[in-house]
Every structure is written in structure tokens, then in C-alpha cells.
Amino acid sequence: MSTTDTPHPRRLLRDEVYDTILAAILDGTLEPGEVLHDEELMTWLGSSRTPIREALNRLAEEDVVELVPHRHTRVAPVDVTAINEGLFVTGAIHEHLARTNTANLTDEQIEELGHQLDRVAEAVAENDHAAIGQTIRDYFLVTVRAAPNSVLRTKAETLSLKLTRFLTPRENLRTPQQALEFLRAITAAVQSRDGERAGDLIHELHETTRSNFIDRYRVPDPTD
């Protein structure tokens, strides 16, 4: 039977397993440092071992899972130095793209930025802490994916995924409303094609978040 409809590609089981494990890591169900046992994951996900290992390997490549052969597979623990450096690099990329590529964004991309802002606002209104972190990541990915530099795109996507689970309001790094107001101001600047203003706002947002992260996870000094 012929049809003019374009068929929707089937999602692979490994992708569904990946999404489920990632969501559990981002919302804190699977905590930093928690060991991931294949048998328990198979029972929980109702999946065979192969899709689970494929998903875990992908998460390990993205530094969300730590995989040490013949020892353990676990949710990547908090590494203050690595996260701090990741925040610095991600912030620099976002700021650079705002200053250099805002004028080149299409009307459709700016419209998509507004759509993602609405998703953040909805998550804030519902006090859905896990969704807030994920929607903020999706918001910035609009401009990241519009970047002409493929290296920056890849680095920003990978780092932002790694950072999302540490930068949700459940960690009290920044109130949801504060983050939302920053994004509203950034969106307004982008809509006005004011890349310098957008860059300044992104610089302030990332610098404050980075400082708050260090305060939250700083190892206590035993001499204090």
C-alpha cells in the first residue's frame, strides 16, 4: 500500500533506556556516586543487558556516568574542580555566542528561544526542580546549536549535560525566579539583536552561579 505520509522513525530501545537513566540522574533519583548494577537496572527498566550497556557507555562518554572496567559503573560523583572548570568554559561559550552570533540568528531560532523560555517559566510555576534544570539547558541549546563552530557546539552540549544535575534549584544555587528573570532579560536582548547586552547578562548569570556552586560544595577547612 502506497502512502504519501512520511513514516516516523522508531526509537531504539537503547535510546529509551538512555533517556530514563539520564532523567533519574538529573532529578536526583540516582545520586552522585551511586553504583549502577546491571541486574537492578534490567529489573527496573524491563530491558536486556545490551541496551543498558549501550546507554551507560554513552552516558560515560558524556561524563555523566563513571565506568571503570572490572571495578564499577556509577553515577559520576561531585568533582568540584571539574564542575567549576566546566561552568567557566560553558559560560564563556554562551557569552561568546551571544556577542558574536546574535545578529545571525533567524526569526525561527529567536521564536524557539521564546518557546524554551516559556517552558522554563512553566517549570518554575510548577516548582518542578528537575524540569527547571533541564529546560534551562534546552534554552541555551537553542543558541548553541545555531553556532557555526561545530567544536563549540559539541563541547557546550556535553558540558551542559554534565552540569545540569548540579545546577538545579534543589541544590539551592540560585532561586528559580532569579534564573527565570535572567533568561527573560537575555531573551529580550536577543530579540532586540543586542548581542553585547545578552553577553553581559550571560556573563553575570554564569559568574554568580559558579560562585554559588563553589560555596555549596567547598570542602570545609578543618582549621576553621
Side-chain angles (χ1 to χ4, degrees), residues 6 8-9 11-12 15 18-19 22-23 25-26 58-59 61-64 82-124 128 130-169 173-174 176-210 213:
T6 302
H8 295 286
R11 295 203 71 213
L12 297 175
D15 294 331
Y18 168 90
D19 288 345
L22 176 60
I25 292 173
L26 294 179
R58 178 178 168 189
L59 290 164
E61 291 174 357
E62 295 167 340
D63 294 327
V64 177
I83 299 300
N84 182 42
E85 292 173 350
L87 280 169
F88 179 83
V89 173
T90 303
I93 292 174
H94 290 168
E95 180 182 345
H96 170 75
L97 293 179
R99 296 188 191 280
T100 62
N101 202 48
T102 293
N104 300 322
L105 295 176
T106 66
D107 292 342
E108 291 76 13
Q109 288 165 338
I110 292 179
E111 183 179 353
E112 177 62 17
L113 195 69
H115 169 67
Q116 295 300 336
L117 176 65
D118 290 342
R119 292 184 63 230
V120 177
E122 182 178 346
V124 171
D128 186 341
I132 291 170
Q134 294 179 62
T135 54
I136 289 176
R137 176 177 186 261
D138 291 342
Y139 172 89
F140 280 108
L141 284 180
V142 174
T143 51
V144 165
R145 288 171 176 162
N149 188 317
S150 62
V151 175
L152 289 184
R153 290 199 305 269
T154 300
K155 179 58 68 175
E157 286 199 40
T158 301
L159 281 174
S160 63
L161 178 60
K162 180 180 178 180
L163 299 174
T164 296
R165 64 196 180 106
F166 297 114
L167 302 180
T168 59
L173 298 179
R174 177 180 289 284
Q177 195 60 44
Q178 284 176 319
L180 178 59
E181 291 308 317
F182 262 101
L183 297 190
R184 283 175 171 158
I186 292 167
T187 303
V190 172
Q191 290 171 336
S192 299
R193 304 289 184 171
D194 189 346
E196 290 303 314
R197 171 62 176 161
D200 289 343
L201 289 164
I202 291 171
H203 180 86
E204 183 180 353
L205 170 62
H206 276 272
E207 182 61 30
T208 304
T209 302
R210 194 163 66 90
F213 174 80

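The figures that follow rest on heavy atoms only: side chains count, while hydrogens, waters and symmetry mates do not.
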Check your understanding: Quick one: CG on D15 to CG on L22, what's the gap to the nearest 0.5 Å?
Key -> 12.0 Å

Review point. Which atom pair, heavy atoms only, marks the closest approach of R193 to L105?
Key: NH1-O, 2.6 Å

Practice item. Applying side chain to side chain contact (heavy atoms under 4.5 Å, CB included), run through Q116 and L113 and close with a yes or a no. Key: CA-CA 5 Å; Q116 295 300 336; L113 195 69; 5.6 Å; no

Practice item. Nearest 0.5 Å please: distance from the CD1 atom of I136 over to the CG atom of L117. Key: 10.0 Å

Check your understanding: Does CD belonging to E181 count more than 12 external heavy atoms closer than 6.0 Å?
Key -> yes

Study note, to complete from the structure: Here the gap from H115 atom NE2 to E108 atom CD, rounded to the nearest 0.5 Å, amounts to 14.5 Å

Study note, to complete from the structure: Note: I132 and T135 closest approach over all heavy atoms is O-OG1, 3.1 Å

**Study point:** Option passing side-chain contact (heavy atoms from CB on, under 4.5 Å) with K155 (candidates I93, N149, V144)
**Key:** I93

Check your understanding: Can you list every side chain to side chain donor-acceptor pair (under 3.5 Å) pair that touches residues 89-103, not counting sequence neighbours?
Key -> H94-H206, E95-R99, E95-H203, R99-E196, R99-D200, N101-N104

Revision key, fill the gap. Rounded to the nearest 0.5 angstrom, the CD-CZ distance for E157 and R145 is 4.0 Å

Point to revise | Nearest non-hydrogen partners of Q109 and A146, listed with the distance | key: NE2-CB, 3.4 Å

Review point. Given R119 and E122, is the salt bridge (Lys or Arg N to Asp or Glu O under 4.0 Å) satisfied, shown in steps?
Key: CA-CA 5 Å; R119 292 184 63 230; E122 182 178 346; over 6 Å; no

Check your understanding: Of all heavy-atom pairs between L59 and Y18, which one has the smallest distance, and what is that distance?
Key -> CD2-CE1, 3.3 Å

Revision key, fill the gap. Between the CD atom in E112 and the CD1 atom in I110, the distance rounded to the nearest 0.5 Å is 12.0 Å

Review point. Does the side chain of L183 reach to within under 4.5 Å of the side chain of L201, using non-hydrogen atoms?
Key: no

Revision key, fill the gap. What one should report as the nearest heavy-atom pair of I202 and G91 is CG2-O, 4.2 Å

Practice item. Run the salt-bridge test on R58 and E61 with the 4.0 Å N-O cut-off and return the result as yes or no. Key: no

Exercise for review: Dump the intermediate steps for side chain to side chain donor-acceptor pair (under 3.5 Å) on R137 and Q134, then the final yes or no.
Suggested key: CA-CA 5 Å; R137 176 177 186 261; Q134 294 179 62; over 6 Å; no

**Study point:** I186 to F140 - nearest heavy-atom pair and separation
**Key:** CD1-CZ, 4.4 Å

Point to revise | Over 12 non-hydrogen atoms of neighbours within 6.0 angstrom of CZ in R153 | key: yes

